[in-house]
**Student:** 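This is the structure, below, for whatever I ask next.
Just so you know, these numbers use all the heavy atoms, side chains as well, and skip hydrogens, waters and symmetry mates.
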Amino acid sequence: MASDLEQLCSYVNEKIDNIKKILSIRNLGDFKAVEHLREHIPSYLPQVTAAESLVNRADPDPTEPVSAEEPVPAKKPPKEQRVIKEMQFVTTDEFSGVPAYMKSRLTYCQINDVIKEINKAVVSKYKIMHQPKASMTSVKRNHYQRFINEETKDTKGRYFFVEADLKDFTNLKTDKRLYAILNILRHCQRLSEVRGGGLTRYVLT
């Protein structure tokens, strides 16, 4: 009986040893296989660092609000401003071509100074003309009504001024000297005259 028990224990121990050997061999094989793979990673595979893998694996926190960029509203294109025509200055060559009886004692600079004032009057006038009526003061409304009344079929769509515009928007005096300069400007083709209703309209050309 005792011998049978000893034989059984011996058999069991032998089996256990065999199982341990099998397991150790298998684990060693797996370890070697893993080592082989690690040492022979193909170069074309992307290299992932530990930090990157942690970031990629991390689940987003459901309590954390997701920031979404709000679309930037498209800016409205700026309102196209109307360009008000201005008179070009007289050149020295043009002034030299003006007949002596027209020039008298007038100088080149004096003529261009008057052109500067005329442009000031024209710009002031047509700014009012292009302004919405709702935003006009009573003074500007009166000016606007006068401008409309002075329009004719010959001045429609053209820029012009009258003596009253020079008085309202400049410091020019309507004297013989001014009329002489206006005559020179007509000779230099800077303006033309449209008469009618007892009014002379100086149209910019």
**Student:** Check whether any side-chain N or O of Q145 sits under 3.5 Å from a backbone N or O of N142 as a donor-acceptor pair, and report yes or no.
**Tutor:**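 No: the side chain of Q145 does not pair with the backbone of N142.
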
**Student:** Spell out, as yes or no, whether a donor-acceptor pair under 3.5 Å connects the side chain of H187 to the backbone of N183.
**Tutor:**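 Flag not set: sc H187 to bb N183 has no pair under 3.5 Å.
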
**Student:** Measuring from atom CG of N149 to atom OH of Y144, what distance do you get when rounded to the nearest 0.5 angstrom?
**Tutor:** 10.5 Å

**Student:** Can you tell me how far the CD1 atom of I84 sits from the CG atom of N119, to the nearest 0.5 Å?
**Tutor:**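 The CG atom of N119 is 10.5 Å from CD1 of I84, to the nearest 0.5 Å.
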
**Student:** If you take all heavy atoms of M87 and I118, which pair is closest and at what distance?
**Tutor:** CE-CG2, 4.0 Å

**Student:** Any luck finding a side-chain donor-acceptor pair between R195 and T200 under 3.5 Å?
**Tutor:** yes

**Student:** Given side chains that start at C-beta, do those of I181 and I115 come closer than 4.5 Å, heavy atoms only?
**Tutor:**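 In short, these two side chains do not touch, never coming nearer than 4.5 Å.
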
**Student:** To the nearest 0.5 Å, tell me how far D165 CG sits from T170 OG1.
**Tutor:**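 Between atom CG of D165 and atom OG1 of T170 there are 9.0 Å.
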
**Student:** I'd like to know if V139 and I148 are part of one continuous hydrophobic network [Ile/Leu/Val/Met/Phe/Trp/Tyr, side-chain heavy atoms within less than 4.5 Å].
**Tutor:**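 They do not share one cluster, since no chain of ILVMFWY contacts under 4.5 Å joins I148 to V139.
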
**Student:** Can you confirm whether L178 sits close enough to V114 that some side-chain heavy atom of one is under 4.5 Å from a side-chain heavy atom of the other?
**Tutor:**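 Answer yes - side chains close enough.
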
**Student:** Take Q131 and Y126 through the side-chain hydrogen bond (donor to acceptor under 3.5 Å, both in side chains) test and state the conclusion after the steps.
**Tutor:** CA-CA 8 Å; Q131 185 178 338; Y126 284 93; over 6 Å; no

**Student:** For residues R190 and Q88, report the shortest heavy-atom separation together with the two atoms involved.
**Tutor:**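 Looking at all heavy atoms of both residues, the shortest contact is NE-O, 2.8 Å.
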
**Student:** At their closest point, which heavy atom of R158 faces which heavy atom of S192, and how far apart are they?
**Tutor:** NH2-OG, 3.9 Å

**Student:** Okay, side chain of N112, backbone of C109: is any donor-acceptor separation there less than 3.5 Å?
**Tutor:**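 No, N112 side chain to C109 backbone: no donor-acceptor pair under 3.5 Å.
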
**Student:** Taking salt bridge (Lys or Arg N to Asp or Glu O under 4.0 Å) as the cut-off, I'd like each qualifying pair that reaches into residues 166-175, sequence neighbours left out, listed once.
**Tutor:** R146-D168

**Student:** Can you name the nearest heavy-atom pair linking F95 to L106, along with the distance?
**Tutor:** CZ-O, 3.5 Å

**Student:** How far does NZ of K140 sit from NZ of K127, to the nearest 0.5 angstrom?
**Tutor:** 9.0 Å

**Student:** Looking at E193 and R201, is there a salt bridge between them, counting it only when a charged N and a carboxylate O are closer than 4.0 Å?
**Tutor:** no

**Student:** Can you name the nearest heavy-atom pair linking E150 to T155, along with the distance?
**Tutor:** O-OG1, 4.4 Å

**Student:** Is the gap between the ring centers of F161 and Y202 under 6.0 Å?
**Tutor:**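 Ring-ring flag for F161/Y202: true, centres closer than 6.0 Å.
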
**Student:** Using every non-hydrogen atom in the two residues, find where K103 and V98 come nearest and quote the distance to one decimal.
**Tutor:**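 Closest approach of K103 to V98, heavy atoms only: CE-O, 3.2 Å.
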
**Student:** If you round to the nearest 0.5 Å, how far is CZ of F160 from OG1 of T205?
**Tutor:** 15.0 Å

**Student:** If the condition is salt bridge (charged side-chain N to carboxylate O under 4.0 Å, His left out), which residues does E117 pass it with, not counting sequence neighbours?
**Tutor:** K120

**Student:** Would you give the length of the straight line joining atom CZ of R177 to atom CG of L182, rounded to the nearest 0.5 angstrom?
**Tutor:**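 R177 CZ to L182 CG: 10.5 Å, rounded to 0.5 Å.
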
**Student:** Decide yes or no for E163 and Y179: does some side-chain heavy atom of the first lie under 4.5 Å from some side-chain heavy atom of the second?
**Tutor:** yes

**Student:** Name the orientation class of the two ring planes belonging to F169 and F147 (parallel below 30°, tilted from 30 to 60°, perpendicular beyond 60°).
**Tutor:** tilted

